[in-house]
There are 2 protein chains.
Amino acid sequence: MKTDTVFKRAYNDALDMVARMPEGAALPSENALSAEIGVSRTTVRKVIASLKAGGIVAGRGRERTVHSSSHDMQRFPRSETIAMAAQVEERFMEWMLRDNARPGTAINELDLARKFGVATTGIREFLNRFQRFGLIEKRPNAGWVFKGFTTSFALELFEIREMFEVRSARALAAMPPEAPCWHQLEALRREHMELLEHIEARYHDFSDLDSRFHRLISQTTPNRFIDSFYDIITVIFHFHYQWNKHDERQRNEVAIREHLTYAEALFSRDVAMVELACRAHLSSAKETLLRSTSGH
Amino acid sequence: MKTDTVFKRAYNDALDMVARMPEGAALPSENALSAEIGVSRTTVRKVIASLKAGGIVAGRGRERTVHSSSHDMQRFPRSETIAMAAQVEERFMEWMLRDNARPGTAINELDLARKFGVATTGIREFLNRFQRFGLIEKRPNAGWVFKGFTTSFALELFEIREMFEVRSARALAAMPPEAPCWHQLEALRREHMELLEHIEARYHDFSDLDSRFHRLISQTTPNRFIDSFYDIITVIFHFHYQWNKHDERQRNEVAIREHLTYAEALFSRDVAMVELACRAHLSSAKETLLRSTSGH
DNA sequence: AAATTGTTTTTTATCGATTAAAATGCAGTT
DNA sequence: AACTGCATTTTAATCGATAAAAAACAATTT
C-alpha cells in the first residue's frame, strides 16, 4: 500500500512552523498551509486533525489557535518521512560509493529488495530510472550489471560536463547587461565571499552553493537535456561528498576561489577569459572526483 | 505473470531456421541453438519440445532430425512475440506522434494501462524509463505531464546533437589511417551508393542506414552519455519516420547525398571540411524534424 | 575430457489488489 | 469572497504472488 510519508513530512513541517509562532496565535487558513507546506488541502486537514489530537492546536473552523510550548511535540523520525523511492536511491548510492562495489557485480533485484526492505517492484523502478546515470546496464531477462564507479566513468562524465558548461558560460557572457542573471550571479558571488570568510566553520555548505552556481550558469539558456544531465552531476557529487570527506575543507576553499575567478570572468564578458576560468575549474573538479574512482 | 513472448519469438526463429535445412538433417545441439537464436538453453528446450509435438522435429537426445516440408508450420503472430514493455513503448509513441497529443496533457497511469491492456506497473516502468527523452515530466504524487513534441523540443535536441556529433566527427577525422573505423566507414559509403542507385524502390531502407552511419561516427570515441543520447535520437527518428511519410523519398535522397559528402570530408581528414559537412547535414535533418513539430 | 542432455534452483517480468494522497465538488459559514 | 466541512472520486505508490527465462548443477554419451 501507499505509505503515509507525505503526511508525516507535512506534519513535521507544520510542527516547525508552529514552533516559530507565538503562543495563542491564529493558525493560517488551510489553503495557505497547503501552499506553504506543499501538499494538498486533504493532507493539511489530516495534519491539523493530528495537531489538535496532540493538543498543539485548539479550536475549530476559523478559530484555530496554536499552543506549541505547552507540549513536547513529538516529531516523526526522519526515516518515516522519506518515500520508498528516495530511500532506495539513498541506500543504493551508499552501497555503490561507500561499500565500493566492484565493477561487473551482478545486481539482484530480490536481494536488494530484501536488503532495503521494499518490494521488488520498487527496486525495478529505481534501477530503470537510475539507468541513465551510466553506472548500471540492463541485460533483458537476465538482470542488471553494475559497471562501476570507475575512472572512465568520471572521464566520460566530465567530457560532457565541459562541453555543456563552456556552451552555457559563453551564452551567459553574451547576455545583455540588464538581464536578471547578472543580479543572481552577483548575489551568488556575495554568498561565496561570505562563505570564504567563515570557511573554517561552514565549509560543508559549499556543496549546495556549488550546485546552485552551476545551475544558474546553465539555466540562463535552458535546454532540457543539459538540465537533465545536471541532475546526474548533482546526485553524483552529493553522494560522493557525503562519503568522501578527505581534505574537504581545502578542496572546497580552492573551489570557492575558482568560482570567484570564474564569476569575475563572466562579469568581464570576455569570452576567452570565461572559457579559461571555466575549464580551469572543471579540471580541478575532475581531479577531485578521479581521486576516488576505482581504476579503468 | 511473465508472458512467454521470448519463447514465441524463439519458436518462430527456429521455424525459419529449420525451413532452410534439408529434410532429415540433424538438429544442431541445444547450446548451438541457444547461441544462434539468442535465448537460454531452457527456452531452446521448450522450443524443441514444441517442434517435436508439431511433428517438425523427430527423435530424442542427440538424435534429433528435421522434417520441415511435411508440415504447415504455423507461426506465432508478431504481436505475441513482443514483450509487454516494448509494446507499451510502441503504443505510447503512436499516441504521442500520430494522434498528436497536445502539450500539457496529463498522463494517467490507469487510463493508459487500460488503453494498452497492461497492468499499471508496466506503465509506470515505461514512464520512468521514458522520462529521459525529455517529452514527459513527473510531478510527485500527482502524475505525469506530456510536454509535447514541440519546436523547442526539436531545437534543444538538435543543439545537443550538433555538439556531440561535431565532437565525434573531429575525433574520427583524427584517427590514424590504420584504424578499423576507416574500413567500416568505407563499407557504409558503399551501402549508401548502392541505396542511391536503387532509391526509387528502396528508399525506406535509409532510416536504418542513417542510424548506423551516425552511430559509427560517435562510437569511434565512445562516451556512455553520448551513446545514450543516440538512443533518444534513434527512437525519435524511428517513430517520426514511421508516421510522417511526407516527401520521404526526396528527403532520404538528399540525406544520402549529404552523408556521402560528409564521408568524403572525413576521408580527407580535413577538420574544417568535416565540420562544415557535418553541420550542413544536421541542419537539414533539423529542418525535417521541425516541420512536423507543433509550435513552441 | 569435452560436449551434450537432463534436472533443479534462482531470478526476472508481469499481474492484480490495496491503501494513501490528491482532486473535485458543493453546501454552509463568516 | 474566501474559508471550512464533508463526502466522493480519481489517481499514485506500494505490496506480494506466480509463470517464464536464465543459470547452475548433475548425469550421460561419444
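Note on naming: letters A, B, ... go to the chains in the order of the sequence lines (proteins, then strands), and numbering restarts at 1 for each one.
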A:R78 with A:E90: basic N within carboxylate O range, under 4.0 Å: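 Yes, A:R78 and A:E90 are salt-bridged.
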Pair B:R215 + B:D231, salt bridge at N-O below 4.0 Å: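 B:D231 and B:R215: salt-bridged.
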Nearest-nucleotide 5' precedence on DNA chain D, B:T120 against B:R41: B:T120
Position toward the 5' end of DNA chain D (nearest nucleotide), B:T121 or A:A142: B:T121
Between [N] atom [atom2] and [X] atom [atom1], what is the distance in whole Å?
{"X": "B:E80", "N": "C:dA13", "atom1": "CD", "atom2": "P", "answer": "20 Å"}
{"X": "B:F116", "N": "C:dT14", "atom1": "CZ", "atom2": "P", "answer": "15 Å"}
{"X": "A:R139", "N": "D:dA22", "atom1": "CZ", "atom2": "C1'", "answer": "10 Å"}
{"X": "B:E30", "N": "C:dT7", "atom1": "CD", "atom2": "P", "answer": "11 Å"}
{"X": "A:R62", "N": "C:dG28", "atom1": "CZ", "atom2": "C1'", "answer": "9 Å"}
{"X": "A:D111", "N": "C:dT10", "atom1": "CG", "atom2": "P", "answer": "12 Å"}
{"X": "A:R114", "N": "D:dG16", "atom1": "CZ", "atom2": "P", "answer": "12 Å"}

Confirm from the modelled atom types if [X] and [N] form a donor-acceptor pair under 3.5 Å, side chain to base only.
{"X": "B:T42", "N": "D:dA23", "result": "yes"}
{"X": "A:R45", "N": "D:dT4", "result": "no"}
{"X": "A:K2", "N": "D:dT14", "result": "no"}

If you only use heavy atoms from C-beta on, which nucleotide in [options] is closest to the side chain of [X]?
{"X": "A:E109", "options": "D:dA23, D:dC3, C:dT12", "answer": "C:dT12"}
{"X": "A:M1", "options": "D:dT4, C:dA20, D:dA12", "answer": "C:dA20"}
{"X": "B:K138", "options": "C:dA20, C:dG6, D:dA13", "answer": "D:dA13"}

For [N], does either OP1 or OP2 sit under 4.0 Å from a side-chain N or O belonging to [X]?
{"X": "B:S40", "N": "D:dA21", "result": "no"}
{"X": "B:R124", "N": "C:dC15", "result": "no"}
{"X": "A:N108", "N": "C:dT11", "result": "yes"}
{"X": "B:T3", "N": "C:dT14", "result": "yes"}

Sugar-phosphate only, base, or nothing, as touched by A:G122 at under 4.0 Å among non-hydrogen atoms: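 Contact class for A:G122: none.
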Touch class at under 4.0 angstrom, heavy-atom based, for B:G143 against every strand present: sugar-phosphate
Pair A:F146 + A:W95: ring centers closer than 6.0 Å: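 Yes, they do, as the ring centres are separated by less than 6.0 Å.
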Verdict with supporting geometry, A:T65 and A:L27, side-chain contact (heavy atoms from CB on, under 4.5 Å): CA-CA 5 Å; A:T65 51; A:L27 197 72; over 6 Å; no
Earlier contact from the 5' end, DNA chain C, for A:E63 and B:R60: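 The residue whose closest nucleotide sits nearer the 5' end is B:R60.
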Upstream residue (5' side of DNA chain C) when A:V6 and A:I107 are each assigned their closest nucleotide: A:I107
Check: B:H67 and B:I56 side chains under 4.5 Å, non-hydrogen atoms: no
Derivation and outcome, salt bridge (Lys or Arg N to Asp or Glu O under 4.0 Å), residues B:D4 and B:K8: CA-CA 6 Å; B:D4 57 355; B:K8 287 175 175 167; 3.5 Å; yes
